[in-house]
Amino acid sequence: MPIIIGILLFVLTLGEVVISAEKSNLFRLFRPLNVVVNSSFISPLVEQFGDVSVGQKVFIAGNTTLQADPDTRICINSETNLQDNIVFLASRNQQAPASNCGKLSSSTGKQVSIAHQAKIKNSKIGNFTFIGFLADLNNVVLEDGAFVLHGAKLSNVRIDKDRLVPIGAVITTQAQADALPLKTEANSKFQKEVLEVNKEFAENYSELYKQQGYDAVSGVSAAPRTSWNPQPVQPTLGKNIRLEEFARIVGDVRIGNNSIVGRRTSIRADEGSPIIIGDSADIEDRVTFHALKGTSIRIGNNLDTNDNIVFHGPLEVGDNLTIGDDAVLFRSKVGNNVTIGTGALVVDVTLRDGVQVPDNAVITKQEQADALKSMT
């Protein structure tokens with residue numbers, strides 16, 4: 001009997017050795033979670049790869065991608081903010097402007113604001129610049145003070161100091177870039193206001209994380225305390241809500257019954273609030289809802305979105321809005337039964353009931369909105 005027990009113990013011990021040996025073949029990729037670093041806040045939902053450096057008082061919102069290929073570098077300088085679902089890339093397979101960040105790099109100067117869903121690749125962004133929603137920059141230099149508006153596409157050009165790139169502009173030659181107008185004092189004032197808000201976000205999201213941990217800055221949570229929001233509230237979700245992976249819902253958000261919120265979608269009522277979305281919303285992936293301080297978003301029932309869309313307050317929308325991929329809806333009033341096409345930019349207008357906005361349309365004047373056809 002002692003011999004049998006000894007054999008059993010030997011076999012069990014051998015099994016443990018084998019299991020232990022198998023475990024030792026695994027290489028652990030874990031690294032400390034850099035959420036608060038260098039007086040900056042980097043959302044734990046940020047996707048990051050490669051050589052990335054950040055300055056002080058930087059705010060990087062959820063579901064943004066920072067990717068530096070091997071032998072490239074990304075530098076985000078102090079007091080800069082990157083909003084939700086931005087793609088910020090340094091690629092080794094194409095040229096990039098000369099930069100102190102590195103021979104092949106993407107970089108920002110100080111006090112830069114990059115708005116939701118913008119894409120920056122192998123570009124050098126100067127101090128006190130602004131890049132709007134869904135703007136796309138590829139091998140671009142923005143000199144100090146440049147102001148790029150929503151949906152603009154720039155490649156292989158240099159934008160001079162304090163120049164303004166209009167909504168939806170396509171700038172691919174230096175002659176086009178040199179002909180751009182100067183920005184206004186109102187543009188500069190807006191930039192300063194955005195920087196002030198995001199300076200508080202860098203500080204107060206950091207404090208929220210230090211005090212309450214990971215769950216307070218991911219998933220569904222209250223916003224941080226700020227000078228304009230001293231008493232944060234939790235989101236209110238209706239019955240039968242489905243949240244996909246990495247959805248981020250912050251602050252006074254109210255979503256109606258029987259709704260779906262897609263992967264990496266951000267509904268962030270930490271600045272303007274409330275954000276109200278009615279019943280039976282079908283919101284797809286990488287959609288952003290946000291509002292300027294002192295404004296809100298109110299959307300009726302049966303919202304139907306595609307992917308990669310920006311809804312930004314002030315914004316009022318009726319029932320049965322259908323909106324395509326890569327669209328922007330900002331500072332507008334929208335009636336019932338409206339359809340907005342893929343890639344459309346709708347800013348600062350009123351859309352009457354039943355109208356159709358074509359794919360890739362740029363609607364920024366009321367006469368353009370009034371000329372749109374209604375559904376028959």
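- Under a 3.5 Å cut-off, the side chain of Ser106 and the backbone N or O of Leu89 do form a donor-acceptor pair.
- The hydrophobic clustering, which links ILVMFWY residues whose side-chain heavy atoms are closer than 4.5 Å, places Val310 and Ile114 apart.
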Derivation and outcome, side-chain hydrogen bond (donor to acceptor under 3.5 Å, both in side chains), residues Asn302 and Asn320: CA-CA 5 Å; Asn302 304 311; Asn320 306 315; 3.0 Å; yes
Assess whether side chain to side chain contact (heavy atoms under 4.5 Å, CB included) is satisfied between Val35 and Tyr214, documenting all intermediate values. CA-CA 9 Å; Val35 173; Tyr214 175 85; 5.8 Å; no
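- For Asn257 (side chain) and Lys239 (main-chain N/O), a donor-acceptor pair under 3.5 Å exists by modelled atom type.
- Atoms CZ and CG, from Phe130 and Asn187 in turn, are 9.5 Å apart once rounded to the nearest 0.5 Å.
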Could you go step by step and tell me if Phe88 and Ile76 meet the side chain to side chain contact (heavy atoms under 4.5 Å, CB included) rule? CA-CA 10 Å; Phe88 201 98; Ile76 309 297; 3.9 Å; yes
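- Side chain to side chain, Asn139 and Asn156 meet the donor-acceptor criterion of an N or O pair below 3.5 Å.
- Counting heavy atoms from C-beta outward, Ser280 and Asn301 have side chains that stay 4.5 Å or more apart.
- Side-chain contact between Arg158 and Glu143 is present, with heavy atoms from C-beta onward closer than 4.5 Å.
- Nearest heavy-atom pair, Phe128 versus Gln191, reported as atom, atom and distance to 0.1 Å: O-NE2, 2.9 Å.
- Atom OG1 of Thr184 and atom CZ of Phe190 lie 11.0 Å apart (nearest 0.5 Å).
- Partner Asn85 forms a side-chain hydrogen bond (donor to acceptor under 3.5 Å, both in side chains) with one of Thr265, Thr288, Asn63 and no other, that one being Thr288.
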Passes side chain to side chain contact (heavy atoms under 4.5 Å, CB included), Leu345 versus Phe330? Steps please. CA-CA 8 Å; Leu345 307 173; Phe330 174 41; over 6 Å; no
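- Atom NZ of Lys183 is surrounded by more than 12 heavy atoms from other residues, nucleotides or ligands within 6.0 Å.
- Gln212 places no side-chain N or O within 3.5 Å of a backbone atom of Leu208 that could act as its donor or acceptor partner.
- For residues 93-104, there are no salt bridge (charged side-chain N to carboxylate O under 4.0 Å, His left out) pairs, not counting sequence neighbours.
- In this structure, Thr129 contributes its side chain and Phe147 its backbone to no donor-acceptor pair below 3.5 Å.
- Atom-to-atom distance recorded for Leu154:CG and Ile159:CD1 is 4.5 Å, nearest 0.5 angstrom.
- Closest heavy-atom contact between Ser221 and Pro235: O-CD, 3.4 Å.
- Under the 4.5 Å side-chain heavy-atom criterion for Ile, Leu, Val, Met, Phe, Trp and Tyr, Ile125 and Val157 are members of the same hydrophobic cluster.
- Between Arg254 and Asp252, some side-chain heavy-atom pair lies under the 4.5 Å cut-off.
- Cluster membership check: Ile86 shares its hydrophobic cluster with Val112, using side-chain heavy-atom separations under 4.5 Å among Ile, Leu, Val, Met, Phe, Trp and Tyr.
- A donor-acceptor pair is defined here as one N or O able to donate and one able to accept, closer than 3.5 Å; such a pair exists between the side chain of Arg225 and the backbone of Pro230.
- Arg352 CZ: more than 12 foreign heavy atoms inside a 6.0 Å radius.
- The shortest heavy-atom contact between Ser99 and Lys124 is CB-CD, 4.3 Å.
- Under the 4.5 Å side-chain heavy-atom criterion for ILVMFWY residues, no single connected hydrophobic cluster contains both Leu134 and Val170.
- Put simply, the side chain of Ser259 never gets that close to the backbone of Ile241: no donor and acceptor are under 3.5 Å apart.
- Look at Glu196 and Lys293 and you find no salt bridge, because none of the NZ, NE, NH1 or NH2 atoms lies under 4.0 Å from a carboxylate O.
- Residues Asp69 and Leu104 have side chains not in contact (no heavy-atom distance under 4.5 Å, counting atoms from C-beta outward).
- At distances below 3.5 Å, at least one donor-acceptor pair connects side-chain atoms of His150 with backbone N or O atoms of Phe133.
- For the pairing with Ile167, the side chain to side chain contact (heavy atoms under 4.5 Å, CB included) check across Asp348, Val362, Val328 returns one residue only, Val362.
- Put simply, the side chain of Arg248 never gets that close to the backbone of Gly62: no donor and acceptor are under 3.5 Å apart.
- Contact between Ser296 and Pro274 at its shortest, heavy atoms only, is CB-O, 3.2 Å.
- Looking at Thr108 and Asn77, their side chains never bring a donor and an acceptor atom within 3.5 Å of each other.
- When only modelled atom types and interatomic distance are considered, Gln48 and Asn34 share no side-chain donor-acceptor pair under 3.5 Å.
- Side-chain contact between Ile277 and Phe289: present, with at least one pair of heavy atoms (C-beta onward) separated by less than 4.5 Å.
- Sorted by first then second residue, the salt bridge (charged side-chain N to carboxylate O under 4.0 Å, His left out) pairs that include residues 71-87, not counting sequence neighbours, are Asp51-Arg73, Asp84-Arg268.
- Formation of a donor-acceptor pair under 3.5 Å by the Ser332 side chain with backbone atoms of Leu329 is not found in this model.
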Using side-chain hydrogen bond (donor to acceptor under 3.5 Å, both in side chains), reason through Asp279 and Asn258 one step at a time and then give a plain yes or no. CA-CA 6 Å; Asp279 292 342; Asn258 305 310; over 6 Å; no
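- A distance of 9.0 Å separates CG of Leu321 from OG1 of Thr305, quoted to the nearest 0.5 Å.
- Distance CG/Asp325 to CG/Asp307: 5.0 Å, rounded to 0.5 Å.
- Here the closest heavy-atom approach between residue Asn122 and residue Gln95 is recorded as ND2-O, 3.2 Å.
- Contact annotation: the side chain of Leu164 approaches that of Leu149 to within less than 4.5 Å [non-hydrogen atoms, C-beta and beyond].
- Of all non-hydrogen atoms in Asn306 and Gly324, the two that sit nearest each other are CB-C, 3.8 Å.
- Considering only heavy atoms from C-beta on, Pro70 comes within 4.5 Å of Phe49 through its side chain.
- Side-chain polar atoms of Asp353 and Asn337 form no donor-acceptor pair below 3.5 angstrom.
- Residue Leu82 is grouped with residue Val58 when hydrophobic side chains (ILVMFWY) are merged at heavy-atom distances under 4.5 angstrom, including chains of intermediate members.
- Using a distance-only test at 3.5 Å, with no hydrogens or angles considered, no donor-acceptor pair links the side chain of Ser105 to the main chain of Ser107.
- Expressed to the nearest 0.5 Å, how far CD of Gln111 lies from OG of Ser78 amounts to 9.5 Å.
- The closest side-chain heavy-atom distance from Asp326 to Asn308 is below 4.5 Å.
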Between Leu303 and Phe311, does a side chain to side chain contact (heavy atoms under 4.5 Å, CB included) hold up when you go through it step by step? CA-CA 12 Å; Leu303 171 65; Phe311 294 87; 4.1 Å; yes
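- Separation of the Phe41 and Tyr209 ring centroids does not fall under the 6.0 Å cut-off.
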